[in-house]
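Working notes for the structure below.
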Amino acid sequence: MCVTCGCSDDAQSTITNLETGEVEHNHHDHTHTLPDGTIITHSHNHDPQHEASQVHAKIHNTTISLEQDILAKNNLIAAQNRGWFKGRNILALNLMSSPGSGKTTLLTRTIHDLKNQLPINVIEGDQETANDAQKIKETGCKVVQINTGTGCHLEASMIDRGLQQLNPPLNSVVMIENVGNLVCPALFDLGEQAKVVILSVTEGEDKPLKYPHMFRASEIMILTKIDLLPYVQFDMQKCIDYARKVNPQIQIFQVSATTGAGLESWYGWLSAKVGNL
Amino acid sequence: MHELGITQNIVAIVSEHAQGAKVQRVVLEIGQLSAILPDAIEFCFDICTQGTVLVGAILEIREIPGLARCRECGAEIHLDKPFGICSCGSVQLDLIAGEELKIKEIEIA
């Protein structure tokens with residue numbers, strides 16, 4: 001909260017009243033909009049002397065132009081990871097979804113079904129526990145668990161460290177199962193060849209519109225748990241339309257890791273991707 | 001939630017460039033389509049700067065509006081989310097602004 005005027009700092013949030021249809025934007029006293037639409041917000045730490053300190057700064061201080069990308073360090077390590085994979089002819093995929101979408105089930109089934117054709121090893125990301133890594137390990141493949149603690153996503157440096165432990169063989173596949181979260185993982189390049197978003201039919205068809213960054217960043221979307229369609233209200237066509245609205249190029253697979261329905265097309269995509277390395 | 005890690009990155013980058021000098025002001029450019037909440041950055045900034053040369057520094061955030069170019073007709077479209085539809089009916093849009101996440105400048109004493 002701003003100590004000067006007492007208003008809330010959440011200038012980005014809007015409140016929608018569904019009774020009246022009214023949308024309330026929070027207009028902060030200290031937010032200025034320039035003619036080109038750029039919005040400038042000042043922090044309030046020094047508000048009592050706000051203007052005085054700015055004038056003082058102009059007289060005595062040195063301004064250094066940085067123009068530095070905040071994610072540059074992550075992106076550099078991601079580029080190194082990408083080179084590492086390329087040099088070993090390894091396909092790395094970044095699997096992302098909300099918690100409980102069936103990522104681990106899809107992954108164990110995929111590893112099991114393809115074990116004679118494609119060597120798959122896994123980097124498993126979760127905030128806590130090694131439960132998923134344990135399930136993956138039971139398929140007989142190599143797996144490394146990364147626990148992010150308070151972190152809500154994997155970063156390129158974690159993959160770098162994970163790869164040292166995993167030591168995947170040449171000409172193989174590394175599946176990176178990201179932390180269950182439809183927001184943050186979309187922002188961080190890990191050095192993968194493609195991002196894959198997994199959505200289950202129990203989650204609601206409007207997820208692509210609600211979490212557009214994730215669906216925009218992904219090359220393919222795998223709709224899982226289609227065996228449950230008779231029991232849930234999920235409009236498949238709407239979901240596909242929403243996903244294409246956000247990302248016209250996205251490829252979509254409809255599968256059930258329980259019954260095996262639709263898995264062949266996902267395996268086909270995977271094999272083609274390996275073949276193209 | 002990713003804003004905490006990003007703010008830690010900002011503090012690390014600025015500290016490195018300040019080379020021990022006291023930082024008075026940090027100017028960021030954040031695109032409105034970048035999935036970064038300026039308010040969350042501000043909230044984290046106070047916490048992350050404790051015990052660093054940035055403590056007490058003014059944080060100025062410039063939010064860059066989203067802009068895309070239609071692949072079909074070439075028109076430029078303002079966006080408030082990372083997708084949209086052109087007046088020609090196309091959804092094939094290339095984002096040209098609004099994804100920035102940059103430290104623009106710093107001011108040291």
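Fair warning: this is a prediction, and the values are worked out from it, not measured in the lab. Residue numbers begin at 1 in each chain, while the letters A, B, ... track the order of the sequences. Values below: all heavy atoms of this structure, side chains included; hydrogens, waters and symmetry mates excluded.
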Revision key, fill the gap. Here the gap from B/I36 atom CD1 to A/C184 atom SG, rounded to the nearest 0.5 Å, amounts to 8.5 Å

Exercise for review: Return the minimal non-hydrogen interatomic distance between A/P248 and B/V91, and the atom names on each side.
Suggested key: CG-O, 3.5 Å

Revision key, fill the gap. For A/Q251, the side chain to side chain donor-acceptor pair (under 3.5 Å) test, sequence neighbours excluded, returns none

Point to revise | pair A/T150-B/L4: side-chain heavy atoms closer than 4.5 Å | key: no

Check your understanding: chain B contacts: which residues in residues 192-200 of chain A have a non-hydrogen atom closer than 4.5 Å to it?
Key -> none

Review point. Counting only heavy atoms not in B/K22, do more than 12 fall under 6.0 Å of its NZ?
Key: yes

Review point. Considering residues, nucleotides and ligands other than A/R161, do more than 12 of their heavy atoms fall under 6.0 Å from its CZ?
Key: no

Exercise for review: Measure the CG-CD1 distance between B/L101 and A/I70 for me, rounded to the nearest 0.5 Å.
Suggested key: 4.0 Å

Practice item. Could you look at A/L187 and say if it's the side chain, the backbone, both or neither that has a heavy atom under 4.5 Å from chain B? Key: side chain

Check your understanding: Tell me, side chain or backbone of B/L93 under 4.5 Å from chain A's heavy atoms, or both, or neither?
Key -> backbone

Practice item. Tell me, please, which residues at least two apart from B/H17 pass side-chain contact (heavy atoms from CB on, under 4.5 Å). Key: A/L66, A/Q68, B/I13, B/I106

Review point. Under 6.0 Å from the CD atom of A/Q165, do we count more than 12 heavy atoms belonging to anything else shown?
Key: no

Point to revise | Contact class of A/Q249 relative to chain B, heavy atoms under 4.5 angstrom | key: side chain

Practice item. Kindly give the heavy-atom pair with the smallest separation between A/N61 and B/Q24, and that separation in Å. Key: ND2-CG, 3.0 Å

Check your understanding: Considering all heavy atoms of both residues, which atom of B/H2 and which atom of A/F188 are nearest to each other, and what is their separation?
Key -> CB-CE1, 4.1 Å

Revision key, fill the gap. Rounded to the nearest 0.5 Å, the OG1 atom of A/T63 sits from the CD1 atom of B/I108 at a distance of 9.0 Å

**Study point:** Atom pair CZ (A/R244) and CZ (B/F83), whose distance is rounded to the nearest 0.5 Å
**Key:** 15.5 Å

Point to revise | Under 3.5 Å donor-acceptor, A/R216 side chain and B/P82 backbone | key: yes

Review point. Relative to chain A, which segment of B/K81 carries a heavy atom at a distance below 4.5 Å: side chain, backbone, both, or neither?
Key: neither

Review point. Who pairs with A/N147 by side chain to side chain donor-acceptor pair (under 3.5 Å), at least two apart in sequence or on another chain?
Key: none

Check your understanding: Would B/I6 and A/L71 count as a side chain to side chain contact (heavy atoms under 4.5 Å, CB included) if you check the C-alpha gap in whole Å, the side-chain angles of each, and the deciding distance to 0.1 Å?
Key -> CA-CA 8 Å; B/I6 284 169; A/L71 292 179; 4.3 Å; yes

